[in-house]
Amino acid sequence: MAGLSLQCGDCGVLLKSIEEAQEHSELTSHSNFAESTEAVLNLVCSTCRKPCRSKTESDLHTKRTGHTDFVDKTLETANPISLELPKPSVDSDGVAGASISNMETEEMVAPEVDKNLLGELEAMGFPINRGTRALHYTGEVTRSNASLEAAVNWIVEHENDTDIDEIPMVPVNSKPESRKPSLTPEEMKIKAQELRERARKKKEEEEKRMEREKEKERIRAGKELLEAKRIEEDNERKRIIALRKAEKEEEKRAREKIRQKVEEDKAERRRKLGLPPEDPTVSRPAAVPVVEEKKTFLPIKPVTKVEKMREWLRALKQNHKDDDAKVKRAFQTLLTYVGNVAKNPDEEKFRKIRLTNQSFQDRVGSMKGGVEFLEVLGFEKIEGGEFMFLSRDKVDMVVLNSAGSELNSAIINPFFGVL
């Protein structure tokens with residue numbers, strides 16, 4: 001396949017012609033070029049008609065402007081590359097024609113730009129070459145080199161271009177466009193300050209917008225959590241109501257069975273005594289109403305280990321409410337004991353605590369509720385009360401995890417044990 005471009009072996013950039021390769025070599029001193037079958041892309045933005053030479057350029061353009069629709073005209077412009085410079089045409093009289101390229105007939109120089117604006121861009125931190133390129137190209141668009149804002153915007157939009165710091169070349173005899181009067185140094189400073197202030201405000205607005213989005217997300221998550229909790233409570237109420245109804249139905253059926261059994265026994269006794277069956281039409285004396293004691297059918301749940309642990313932790317905090325630091329240290333020490341047993345249930349050293357240890361007494365033993373909390377976990381006093389020991393068969397990971405959760409809540413919740 002014929003070569004469609006030239007690729008620089010030093011930086012990898014694709015060039016459309018030998019003229020571009022020569023210009024690239026003069027600007028960068030690169031001299032290693034080779035033919036490539038890959039054509040230089042020609043992606044044209046459908047919105048603003050900006051051409052992009054690569055996928056990277058089109059992605060950057062999309063990121064800056066939001067334009068996503070590009071027309072690929074690469075195949076329309078891709079032609080086999082010529083490795084020879086164009087030669088001047090000669091007419092029948094042997095005189096060179098007027099088709100000599102501008103590259104061969106005219107000397108190329110750096111464009112003239114407004115020195116004051118260039119100095120202002122340099123003061124703002126932009127390199128001279130970059131500022132010259134920006135002023136030149138924005139001058140072509142606006143027909144004026146006196147647009148500092150347009151130059152700054154151009155630099156921001158093209159900051160990732162490979163040739164951003166290369167000075168463009170123009171014919172030496174080209175006439176500069178009519179320029180607008182340049183700004184005074186004071187006006188340029190004011191303009192630069194306005195640009196900086198505008199950029200700062202834009203950044204603040206973006207940060208505020210992101211903060212609002214985060215706040216909306218937090219509110220949405222909170223609403224979903226509350227809704228899930230409400231649904232769970234509704235389901236629990238429905239379950240309790242259904243349980244009560246089932247208990248009442250069962251009690252009603254039981255009373256009916258007892259009544260039928262009593263009637264059957266009464267009829268059997270009358271039959272054995274030779275009495276006629278009882279006439280159901282005969283009125284019976286009204287029975288004295290028996291006031292039944294109001295009963296509740298809600299199951300009474302036994303006190304669980306978790307509730308016992310929580311009560312001892314509350315008692316510990318309330319008994320020493322004037323010393324929050326000491327209470328928090330006790331909670332953290334208990335959490336360490338629980339964590340060691342949970343991580344190493346087979347290690348006896350983590351399941352045995354010396355009660356006479358001064359450090360233990362200072363942190364836990366001297367505070368009512370600490371030792372009792374360990375006893376709920378399954379620790380028992382041995383060897384005359386010198387040690388507390390948790391046997392391996394009494395290690396319950398569910399209880400240990402619940403204990404860790406209760407201790408963590410007691411540490412981080414400032415209102416734990418207050419109410």
Between Arg230 and Asp234, does at least one N-O distance fall below 4.0 Å, as a salt bridge requires?
yes

Answer yes or no: is there an ion pair linking Lys208 with Glu211, defined by an N-O contact shorter than 4.0 Å?
no

Under a 4.0 Å N-O cut-off, is there an ion pair linking Lys202 with Glu205?
no

Pair Lys352 + Glu383, salt bridge at N-O below 4.0 Å:
yes

Pair Asp396 + Lys305, salt bridge at N-O below 4.0 Å
no

Among Thr333, Leu316, Leu355, exactly one meets side-chain contact (heavy atoms from CB on, under 4.5 Å) together with Val364. Which residue is that?
Thr333

Taking only Lys NZ, Arg NE, NH1 and NH2, and the carboxylate oxygens of Asp or Glu, determine whether Arg351 and Glu347 approach each other closer than 4.0 Å.
no

Look at Arg244 together with Glu247 and state whether they make a salt bridge at an N to O cut-off of under 4.0 Å.
no

Is any NZ, NE, NH1 or NH2 atom of the basic residue among Lys381 and Glu386 found under 4.0 Å from an Asp or Glu carboxylate oxygen of the other?
no

Measure the acute angle between the ring planes of Trp154 and Tyr137, then classify it against the limits of 30° and 60° as parallel, tilted or perpendicular.
parallel

Would you call Arg212-Glu215 a salt bridge at under 4.0 Å N-O?
no

ring-ring contact (aromatic ring centres under 6.0 Å, His included) involving His320 - partner list, sequence neighbours excluded:
none

Quick test of your reading of the model: are Glu311 and Lys308 salt-bridged, counting only N-O distances below 4.0 Å?
no

Any donor-acceptor pair under 3.5 Å linking the side-chain atoms of Asn116 with those of Glu120?
no

